Amino acid sequence: MQHGAGEWAQGRPGPPAGEARIVDFAFTREDQIFRLQVRQWLQNEITPRWRELNPSECEESEEIWAAVRAFDRKLASKGWYAPSYPREYGGIEATVMQEYILAEEKSLLGAPRKLSEAIGVQFVGPTIMRYGSAEQKERYVKRIGRAEIVFCLGYSEPQAGSDLGAIQTRASRIGDAYRVDGQKIFTTFAHCADFCWLLARTDPAAPKHKGLSLFIVDMRTPGITVRPLINILGAHSFNEVYFDSAVIPLESRVGEENLGWQYLMTALAYERSFTSSPAPMVASLQALITYVRKTPAGDGTLADDPHVRELLAEMATDVAASRLLTLRVVDMESRGLIPTREVSMAFVMGMQVARRFAKKAGDILGMCQLQARNSPLVPIPGPLQMMWLETIAAGVGGGSAEMQRSIIAQLGLGLPKG
Amino acid sequence: MMKKSARDFFSRSYPLATAQKILREQGGHAPHLWREMAALGWLGLPLPEPYGGSGADLLDVVVLLEEMGRACLCGPYFSTVVLCALTIAEAGSETQKASLLPRIAGGDLIMALAAREPGARHEAEKTDTRALPAEGGFRLAGSKQLVSDAHLSQYLLCPARTGGALDTEDSVTLFLVETDSPGVSCHPSATLICETQSTVILDNVLVGRSGALGAPGHGRGPLQHTMDRGSVARCAEMVGAADAVLDMSVAYARERVQFGHPIGSYQAIQHYCADMAVDLDASRWMTGYAAWRLGRDLNSGMEVSMAKALVNEACQRIAIQGHQIHGGIGFCDDHPLHLYFRRIRGGSLALGDTSFHNGRVAAELVAGRPLFADMQLPADNDENVER
């Protein structure tokens, strides 16, 4: 009886109770077929060299970067780099679920995948399609969809992280151009990007959220200096970016002056990076189980150790719950609903699960796992080595967990703003 | 629909003040309410239609049980319908089903699952109670402990050992024991968790052949299914209770003013509530997923145990955090908040505690059960065995 499933899905009061929604936990046949296609293609296309490299998300080198770019172009040739895009822009007009399946399979199989590559696809392309000029659509969207150009995100500043509206980087109008002065920080891949998607202040006199504009800035523009920041994994993935009288043409601006914040907020509602998806942990868990089953301990193997078993069970349960909360978001978007608190909930859960998972995996693998990468002592080389460091980013990058909790509390539960 | 009508029914017929009163004075069972629920068709909700039920699946029952949990309903619905009636529907003979299920659906029969034995940590852990062949039937001897609602029941569903060693397949039979049979004595005790639990002594109780549920020696499978359905159903109750706690806590946080502002405007309180909401939704969705799988006869042992393990812990966190938000007033007996805490505490230790369920999840994982069937990784090396 389907109606029970629909009613069960209503859960907390949220969108107005109308039609009972049917919730089916099974993927449709079409989606299962799609998943299989994606999987087979990925298995063929992921190179042996990439498997050898086996880098974690924050690891960085020229070889890794080149491999990622090459793989993205292969994906683009299938229309899978920006799958939701219209076909004219290089996508396959994929459904939300198809996008999700693609992202999951890439994670699961360890395909080359750089979160920041999503900037162009997730933020720039959709914003231009919605608010940009015909010329901007022509000039950028197709090249984004084909993985020909890479964007970095010029948002955060030293004094403006969670409080993004407080940014001070200034874009002053001078004739048919803008002059940009200021500084961005934690700008991932600014050192490799072709363009910067820049949020800058165009009207200092206006209330803070009402004087911001969005720009596409060519990273070769004179006056732009990129200074590396080494992250706690020892990798160069993000940077400081200084703008010192960098002059950009009028056509760099996307949409209208001083409406940048609005565009940004709309874009957030359509973001589909599925960063809360625990797919990478599914693969890690598999590796961990294989490892404990074959590793002698006491009279048997590690798999017989009750403490190890309890940890594995907790990790698996965490991953399962995190996936369900992520799928809920996908499910809502598939129905044309706009999830708000649900996205934040998936984010908070995803962060907690990732950090707990990393810790527990590390506890099982022990001190040997903490040796340098090339040591023969390392039980499971690869992302599991640094996951405990890497997952720090899960709660502070892409929005802080505190902001997300406040969204849940205020937008979701109706608690008053402080 | 069911959720709305259940919520309306409980807010009319069983508001919290009534719940508190019935718990204090009558130990939680309100016969008039039982009759009303029978009239609404709720007692027969998941039972097959030929026997007076509505044929609903487990996910529908989950909806109702969540509302019951929300209303803090303490009564024999869970024992009678979820633990016993569904077992009879699965394993009983035509005669047994025809004789018992319509009476249950009609509200004329209350039953309890008398499975837990002294020293056991859960209901299906061991069966020392013996059932020896005698006089055209069996004589049952043994004792059962911590049996919820036995004191209200006309029948008990009792696993007993009819076969040889305990771990052989054909060793256990489920018996329908009439509580007024000679040799049955029931010793009820109040608990701290809003229910009455009894020790049941079976002193050479004669049960006819027709009292063996289905064929003798085939009780272990159905008992495991009973545990699984019961676990999911108990999760649903805990989710409902936790939902009520969150609602009450948010309402309190909005009205309680300290230092010139509602405490709900302070970040600590907001973040407690946000964490509770995440715990609640994770609990709800894990329960729903397990119920969905069970209802479709998919391999679900792992998912059921994941749900129970998660819900046990998450709902307790919610209950405690709810108390924290309520401050002193939540520490008063008059305030219903502690009733939810008690219900959740009890639920977390019924039908397997977290440790037990984690053990089952681990056993499945180590045996090669994929975490998600649709995300099963391609078989690599040796060990990926698909179940």
Side-chain angles (χ1 to χ4, degrees), chain A residues 1 3-12 17 20 23-25 27 32 35 39 43 104 108 279 282-283 285-286 289-290 292-294 303 306 309-310 312-314 316-317 319-325 328 341-342 344-345 348-349 402 404-406 408-410 412-418, chain B residues 1-4 55-57 59-63 66 243 246 250 253-254 261-262 264-267 269-271 273-275 277-278 280-282 284-286 288-289 291-293 302-303 305-306 309-310 355 357-363 365-366 368 371-372 374-375 377-378 380-381 383-384:
Chain A
M1 279 177 89
H3 76 76
E7 291 211 86
W8 166 85
Q10 273 173 9
R12 300 201 64 69
V23 169
D24 195 335
F25 286 95
F27 288 89
Q32 284 179 48
R35 185 185 286 274
R39 181 171 294 193
Q43 279 171 311
E104 246 191 5
L108 199 59
V282 176
L285 188 63
Q286 198 65 71
I289 291 169
T290 303
V292 301
R293 287 167 65 173
K294 70 179 190 215
R309 289 168 83 96
E310 181 123 46
L312 289 172
E314 288 174 350
T317 300
V319 169
S322 182
R323 190 185 189 226
L324 282 177
L325 286 191
R328 170 176 59 172
R341 69 177 182 274
E342 294 84 359
S344 296
M345 285 174 149
V348 170
M349 178 109 210
E402 288 68 31
Q404 303 290 353
R405 284 191 179 95
S406 295
I408 295 166
Q410 291 168 23
L413 301 173
L415 287 168
K417 255 180 121 63
Chain B
M1 307 294 285
M2 166 69 64
K3 188 187 191 76
K4 187 171 190 321
D57 74 20
L59 209 46
D60 296 306
V61 180
V62 158
V63 171
E66 256 198 58
D243 193 5
L246 180 56
V250 168
R254 293 173 72 164
H261 300 280
S265 68
Y266 299 132
Q267 202 174 65
I269 302 291
Q270 290 203 354
H271 288 193
C273 291
D275 286 340
V278 174
L280 180 64
D281 280 8
R284 175 174 281 126
W285 280 71
M286 288 291 271
Y289 181 52
W292 180 83
R293 287 188 72 87
M302 186 173 78
E303 288 79 3
S305 281
M306 283 180 158
L310 184 141
S355 193
H357 284 285
N358 275 337
R360 187 157 80 151
V361 173
L365 289 171
V366 165
L371 193 50
F372 303 112
D374 59 292
M375 278 176 86
L377 279 168
D380 62 338
N381 320 3
E383 290 114 347
N384 273 347

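Every chain is numbered from 1, with letters handed out A, B, ... down the list of sequences. None of these values were measured; they are calculated from a predicted model.
Of the atoms belonging to B:S305, not a single heavy atom falls under 4.5 Å from chain A. If you measure heavy-atom distances from B:H261 to chain A, you find no contacts under 4.5 Å at all. For chain B, the nearby part of A:L325 is the side chain; its heavy atoms alone come within less than 4.5 Å. When heavy atoms are compared at a cutoff of 4.5 Å, A:Q404 does not approach chain B at all. Looking at B:L365, the atoms closer than 4.5 Å to chain A (heavy atoms on both sides) sit in the backbone and in the side chain alike.
Side-chain contact between B:N358 and A:L312 is absent, with no heavy atoms from C-beta onward closer than 4.5 Å. Using a 4.5 Å heavy-atom threshold, the side chains of A:R405 and B:Q270 count as separate. Annotation: side chain of A:S406 is in contact with side chain of B:Q267 (closest heavy-atom distance under 4.5 Å). The shortest side-chain heavy-atom distance between B:S265 and A:L415 does not fall under the 4.5 Å cut-off.
With sequence neighbours excluded, the residues that form a salt bridge (charged side-chain N to carboxylate O under 4.0 Å, His left out) with A:E314 are A:K360. Considering only residues two or more places apart in sequence or on other chains, A:R309 meets the salt bridge (charged side-chain N to carboxylate O under 4.0 Å, His left out) condition with none of them.
Under the side chain to side chain contact (heavy atoms under 4.5 Å, CB included) test applied with A:R323, the options B:Y289, B:F372, B:W285 reduce to a single match, B:F372.
Rounded to the nearest 0.5 Å, atoms CE (A:M345) and CG (B:D275) are 10.0 Å apart. From A:I408, atom CD1 reaches atom NE2 of B:H271 across 8.5 Å, with rounding to the nearest 0.5 Å. Atom CD of B:E303 is separated from atom CG of A:L324 by 10.0 Å, given to the nearest 0.5 angstrom.
Between A:L413 and B:V250 the shortest heavy-atom distance is O-CG1, 3.5 Å.
Contact tally against chain B (heavy-atom pairs below 4.5 Å) for A:A320, A:A321, A:P416: the top residue is A:P416. Of the listed residues (A:A303, A:S322, A:S344, A:G414), the greatest number of heavy-atom pairs within a distance under 4.5 Å of chain B belongs to A:G414. Per-residue counts of heavy-atom pairs under 4.5 Å with chain B were compared for A:Q32, A:R328, A:E310; the largest is that of A:R328. For the options A:A409, A:A316, A:P306, heavy-atom pairs under 4.5 Å to chain B are most numerous at A:A316.
For the pair B:R293 and A:F25, the cation-pi criterion (under 6.0 Å, within 45° of the ring axis) is not fulfilled.
A 6.0 Å sphere centred on CZ of B:R360 holds more than 12 heavy atoms belonging to other residues, nucleotides or ligands.
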